[in-house]
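Please read all numbers here as calculations on a predicted model, not as lab measurements.
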Amino acid sequence: MSTVEAKQSANRWEQASRPLQADASAEDILLIDDLPENLLVYQTILEELGQNLIVAHSGEEALKLVLKHDFAVILLDVNMPTMDGFETASLIRQRKKSSRTPIIFLTAFTDEVGMIQSYASGAVDYLPTPVIPEVLKAKVRFFIELSQMRRQAALQTEERVRRQAAEESARNAAFLVKVTENLTRTRSQSELLRALVQLPVPYIADVSITWLKENESYADQIECNFPLGTETEDRPSTIKLFELPWLKEAAEEVMETGEIHFMDKTPPSSLPHSNILSFLGSVIVLPLLVQGHVRGCLVLARQRSSVPYRFDDISLANDLAYRVGAVLENVMLMEKIREADRRKDEFLGMLAHELRNPLGPIYNAVHLQKLLKPEDPRLADLRDIIDRQAKHMCRLIDDLLDATRLAHGKILLRKERCDLNQILHETIGDHRTAIEASGLQLKVISPNSPVWVNGDPTRLVQTIGNLLHNAHKFTKAGGVITVRLEAKKNERLATLTIADTGIGIEPKMLSCIFDVFRQADQGLDRSRGGLGLGLALVKGLVELHDGKVEAVSHGLDRGAEFMIQLPLESLGNAKMNDVPAAPLSSDRKYRVLVIEDNQDAAQSAQMLLHLEGHEVRMASAALSGLDVARDFHPQIVICDIGLPEIDGYQVVRMMRQDVTLASAYIIALTGYGRQKDQQQALKAGFDLHLTKPIDYTNLRHALILADSKYDKMEATSP
């Protein structure tokens with residue numbers, strides 16, 4: 001071969017090896033031949049068809065191209081080295097992607113055996129070479145049109161499926177929007193249940209069932225809705241209070257695991273309601289989640305004759321259950337808000353009623369005192385009335401403040417090793433007269449030895465007193481109150497029970513008897529009184545002592561029993577705190593200054609202190625009080641915090657900066673009794689913090705504390 005011929009052959013080879021410019025809308029045609037000149041001929045003939053012509057020079061190269069492209073037709077030479085056309089065709093047919101691709105054999109041999117072998121290898125046609133251009137173009141054009149028809153059909157099918165999916169998605173979205181709109185209008189869990197069983201039928205279910213967990217109205221109840229038109233005597237449109245083993249088992253599993261439960265069809269049942277649900281087919285049981293916790297379940301079921309649930313149906317049902325859970329959370333929150341609002345209104349009504357009760361006798365007693373002569377013996381009875389009613393009023397206010405402190409964790413205990421037995425008997429002594437005066441019998445059973453616990457004696461007295469007061473209030477004349485204290489050393493527990501033969505507790509009230517503002521219905525007269533705070537305080541104080549309290553009652557008019565358990569204090573934890581109590585009176589007489597803008601409070605304090613033999617001066621404002629102090633040089637100052645001009649904190653700071661007043665014992669008197677208020681008073685410079693109204697006993701103890709300060713000052717003076 002000459003040099004010119006070699007270059008021409010190389011050019012033809014390069015041209016044959018390079019595919020035509022690809023057209024995205026054209027079909028791919030594969031040309032397989034080991035001779036470049038043949039490939040060039042085929043390309044030239046088929047070029048006018050305007051399709052993508054791709055060439056391969058061997059069977060191996062063709063197999064690689066088949067993996068990458070979807071060919072409308074393959075032109076395959078039979079006689080090729082290494083791998084002939086029959087073997088190449090057979091391998092192409094073995095691949096799933098190309099198993100149906102049309103193959104046209106091209107060969108110079110036209111014997112019958114070769115034709116049979118060609119068709120056996122998977123060929124759809126057989127052309128002898130050299131090919132007739134028009135015949136080749138006609139056959140290739142046929143397969144191109146066939147491929148285009150298949151592609152168009154596939155596109156139409158895909159578009160139809162996509163359109164159907166879009167329409168179904170739109171319908172599902174509209175369904176979910178409708179469900180959400182209807183559910184969000186419900187205002188209670190019972191309304192939500194009734195709406196929920198109606199909405200899924202018949203769009204996603206033939207039967208819908210809801211089951212809520214730990215709900216008084218629906219604990220043992222199922223709401224079920226059947227599609228309209230299927231009602232019969234045995235299968236009404238809505239039924240309640242039925243239970244099927246398979247449904248209970250599935251619901252309990254969903255409530256425990258929080259996962260969807262699916263059944264292709266429901267199992268048969270021999271229960272009376274089996275006729276009602278015998279037509280059910282596939283079932284989905286979905287959890288209703290509220291803040292991550294399973295609150296109930298939703299059951300959706302189709303008839304046996306209907307199409308079983310598919311994956312898309314389960315996905316839609318899951319979306320529905322998610323939305324129901326969100327609405328259920330809002331409904332539960334609204335119910336709690338409404339219940340809290342109702343209880344708040346009831347409490348405010350009770351508070352007004354309870355505060356007016358003692359004010360009436362106090363007002364009447366004061367009015368009678370003005371009318372009676374000083375020597376009239378009835379004045380003593382009037383004083384007792386005022387004393388009792390004022391103490392009752394203070395108890396109400398103290399309970400209210402303590403409940404608030406408990407709710408905010410503001411109560412701090414002053415724990416010490418104390419004898420619960422002694423505290424019990426002292427508290428009973430305080431209440432015995434009132435209990436026996438009401439015609440009740442009081443029985444006390446306690447050990448003869450101390451029962452040591454680690455606690456705050458004041459708060460323990462308050463706890464026991466509240467339970468005794470409660471038993472007294474709810475037990476009619478002729479009843480019995482039994483108090484029992486035991487020291488269970490094996491369990492290291494002190495157990496105190498206070499039982500009565502009173503009106504008892506309804507079962508529905510037992511679960512909330514220790515809640516704030518909770519009381520059994522007393523009627524409009526509220527003859528037993530109270531704010532519903534006593535038992536809440538008992539529970540809170542007992543738990544602060546690492547103990548627990550329980551209430552037991554067998555129903556109305558069958559009495560009630562409250563049991564407190566506290567940890568026993570070991571002997572190894574005994575402390576040297578058995579200090580003799582301070583005397584209730586003092587022999588010292590002081591110069592006392594009272595700075596108080598409330599004239600009645602100031603005058604009553606002045607009279608009490610005068611009776612004790614002290615010299616007392618008064619001031620109704622902060623600055624005038626400072627002037628009186630500089631002239632009077634008081635040893636004790638009782639100063640209100642909320643004063644006009646400047647507050648009590650500024651007054652005490654100014655006194656501490658004055659050399660002539662700095663050593664005075666200064667007592668803060670205020671209506672604010674929080675721990676933060678006490679700390680603020682001590683930080684400002686007060687020696688003691690007292691809350692209003694000032695108690696006579698507390699005032700005496702304050703003077704005794706002043707004694708100790710002046711004793712130390714005298715001991716250290718030269």
Does R323 have more than 12 heavy atoms from other residues, nucleotides or ligands lying within 6.0 Å of its CZ?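 Atom CZ in R323 is crowded, with more than 12 foreign heavy atoms closer than 6.0 Å.
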Looking at [atom1] of [X] and [atom2] of [Y], how far apart are the two atoms once the value is rounded to the nearest 0.5 Å?
{"X": "R185", "Y": "L183", "atom1": "CZ", "atom2": "CG", "result": "9.5 Å"}
{"X": "T210", "Y": "Q198", "atom1": "OG1", "atom2": "CD", "result": "10.0 Å"}
{"X": "Y322", "Y": "L288", "atom1": "OH", "atom2": "CG", "result": "13.5 Å"}
{"X": "R295", "Y": "Q189", "atom1": "CZ", "atom2": "CD", "result": "4.5 Å"}
{"X": "I481", "Y": "N470", "atom1": "CD1", "atom2": "CG", "result": "9.5 Å"}

Salt bridge check, R162 against E168: does any charged N sit closer than 4.0 Å to a carboxylate O?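 No, E168 and R162 are not salt-bridged.
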Between R151 and D70 (salt bridge meaning N to carboxylate O under 4.0 Å), is one present in this structure?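 Here R151 does not pair with D70 in a salt bridge, since their nearest N and O are not under 4.0 Å apart.
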Quick check against the 3.5 Å criterion: does [X] have a side-chain atom that pairs as donor or acceptor with the backbone of [Y]?
{"X": "H293", "Y": "L289", "result": "no"}
{"X": "S315", "Y": "F311", "result": "no"}
{"X": "T257", "Y": "E259", "result": "yes"}

Over 60° means perpendicular and under 30° means parallel, so tell me whether Y203 and F175 are parallel, tilted or perpendicular.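 Rings of Y203 and F175: parallel, under 30°.
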